[in-house]
Number of protein chains: 2
Amino acid sequence: MKLTPSAYLTLGMIRLGARSGYAIKKAADLSTRFFWPTSLAQVYPELARLVQAGLLTRTEDHQGARERFAYELTERGEAALEDWLRASHEAPTQFRDESVLRLFFADALAEQDQLALVRRLREQVRGVAAHTSGEIVPLAEALESSGGTRFPALVARLRADTYAFVEQWLEQLEADLEP
Amino acid sequence: MKLTPSAYLTLGMIRLGARSGYAIKKAADLSTRFFWPTSLAQVYPELARLVQAGLLTRTEDHQGARERFAYELTERGEAALEDWLRASHEAPTQFRDESVLRLFFADALAEQDQLALVRRLREQVRGVAAHTSGEIVPLAEALESSGGTRFPALVARLRADTYAFVEQWLEQLEADLEP
DNA sequence: GTGTGCATGTAAGGAGTTACATGATTGC
DNA sequence: GCAATCATGTAACTCCTTACATGCACAC
């Protein structure tokens with residue numbers, strides 16, 4: 001039984017304290033979405049598969065008339081997660097960015113339009129950097145001080161710092177392109 | 001008629017001098033693959049669509065008994081490419097990286113295993129950085145000095161520098177994690 | 001009382017990958 | 001002679017997204 005990264009995302013989020021499918025999706029949108037997006041239409045079937053496979057338990061946890069299920073890791077589920085974390089597989093990075101694709105082909109433009117393209121790209125990158133350091137890092141740091149999990153904050157900082165670096169790089173490029 | 005980024009990739013590669021579907025795919029594997037991967041099973045139908053739409057012409061260009069077709073941009077094709085380059089759409093970046101996902105959940109591991117995970121990740125990143133600066137950048141720079149197209153080289157350098165930055169960041173993290 | 005958030009799921013469709021299928025040319 | 005590269009395409013499948021469908025709880 002081979003599990004996909006999305007399955008491990010599910011297991012990992014439950015290990016970090018998410019109990020419902022909804023909570024997993026919500027947590028993912030604030031953290032892992034940037035390097036592993038997911039959707040509810042993925043989460044629910046995945047939960048069902050993992051229960052089927054004996055890696056999760058599902059118990060009723062209804063709130064009055066509103067239905068809710070609480071998931072927990074079984075021993076085998078915990079072991080599966082840790083095995084995956086320890087494994088040294090080659091995981092090919094998937095990256096798709098239309099903006100960079102445009103930058104790649106920018107020679108087709110007149111100089112002023114090239115400059116405009118770079119400027120737009122830098123502003124996009126600046127926005128991501130600001131959002132990451134302003135919103136995502138603080139959330140992850142709250143988790144760090146409350147729960148003792150440090151890696152979510154590390155990953156958030158890595159992202160913030162990387163985007164800040166790219167922003168500087170593009171700023172320099174912009175300066176070089178200016179007439 | 002709305003075109004996908006893959007369509008613009010196709011147009012762009014032809015503008016840079018690729019003539020056959022095979023050549024487009026080959027060029028993409030050495031350049032755009034890192035931010036917009038493609039495959040022959042995408043390229044061929046895309047070429048057919050673009051010919052159909054009047055953005056490309058297709059002419060026979062057989063080499064003896066081996067069949068080959070040469071594609072060229074029509075005026076409308078060139079205009080479509082340039083419009084896309086000038087447009088300022090929000091292009092959501094798609095990024096999927098199982099290694100970062102593992103890093104995110106690394107709190108589940110014992111300290112020595114956390115260190116091993118970071119070390120592996122750094123080595124992966126180092127490999128990418130080395131490949132990019134050693135193989136991809138020189139190729140793009142050759143294009144730059146021969147043909148006057150500078151943006152492919154800029155994009156390659158951006159990638160090389162970014163990965164070098166991430167490698168340093170992880171090196172620092174590794175040092176911090178060491179007992 | 002109404003909008004936002006919590007909560008669970010299914011169905012249809014799209015985008016992209018791998019595998020299949022075929023064959024010529026070139027360099028060693 | 002044989003392997004790698006050039007060259008064109010199709011078919012099946014997988015993964016993921018968007019849209020659909022439904023309803024409770026809580027705060028304002």
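Naming convention: chains lettered A, B, ... in sequence-line order (proteins, then strands); numbering from 1 in each chain. Being a predicted model, the structure only gives us computed values, none of them experimental.
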Practice task
Evaluate the ring-ring contact (aromatic ring centres under 6.0 Å, His included) criterion for residues A:Phe95 and B:Phe95: first the C-alpha distance (whole Å), next the side-chain angles of each, then the deciding distance (0.1 Å), finally the verdict.
Solution key: CA-CA 5 Å; A:Phe95 185 59; B:Phe95 184 59; 5.5 Å; yes
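Contact check, A:Gln42 against D:dT17: a side-chain N or O comes under 4.0 Å of OP1 or OP2. Distances shown here put every side-chain N or O of B:Arg96 at or beyond 4.0 Å from the OP1 or OP2 atom of C:dG16. Applying the 4.0 Å criterion to OP1 and OP2 of D:dC6, one finds that B:Tyr22 has a side-chain N or O inside that range. Between A:Ser39 and D:dC16 there is no side-chain polar atom (N or O) within less than 4.0 angstrom of OP1 or OP2. For the pair B:Arg68 and D:dA7, the criterion of a side-chain N or O lying under 4.0 Å from OP1 or OP2 is met. Contact check, A:Thr38 against D:dC16: no side-chain N or O comes under 4.0 Å of OP1 or OP2.
To the nearest angstrom, P of D:dA4 lies 18 Å from CG of B:Asp29. For the pair A:Leu40 CG and C:dA11 C1', the computed distance is 15 Å after rounding to whole Å. Between the P atom of C:dG16 and the NZ atom of B:Lys25 lies a distance of 13 Å, rounded to the nearest Å. To the nearest angstrom, P of D:dT14 lies 15 Å from CD of A:Glu46. Whole-Å rounding puts the A:Glu60 CD to D:dC24 C1' distance at 16 Å. The separation between B:Glu67 atom CD and C:dG23 atom P is 11 Å, rounded to whole Å. To the nearest angstrom, P of C:dG16 lies 15 Å from CZ of B:Phe35. In this entry the distance linking OH of A:Tyr44 with P of D:dT18 reads 17 Å, nearest Å.
When heavy atoms are screened at a 4.0 angstrom cut-off, B:Thr4 is found touching no nucleic acid atom at all.
Within a 6.0 Å sphere centred on CD of A:Glu123, other residues, nucleotides and ligands contribute more than 12 heavy atoms.
Toward the 5' end of DNA chain D, the nearer of the two residues B:Arg66 and A:Gln63, judged by each one's closest nucleotide, is B:Arg66.
Look at B:Arg119 and B:Glu178 and you find a salt bridge, because one of the NZ, NE, NH1 or NH2 atoms lies within 4.0 Å of a carboxylate O, short of that distance.
Remark: B:Arg58 fails to qualify as a cation-pi partner of B:Tyr71 under the 6.0 Å distance and 45° angle criteria applied to the six-membered ring. Under a cutoff of 6.0 Å and an axis angle of 45°, B:Arg159 and B:Phe34 form a cation-pi pair.
When each of C:dT10, C:dT8, C:dT17 is scored by its nearest atom to the side-chain atoms of A:Phe69, the top-ranked nucleotide is C:dT8. Checked against D:dG23, D:dT17, C:dT25, the side chain of B:Ala65 finds its nearest nucleotide in C:dT25.
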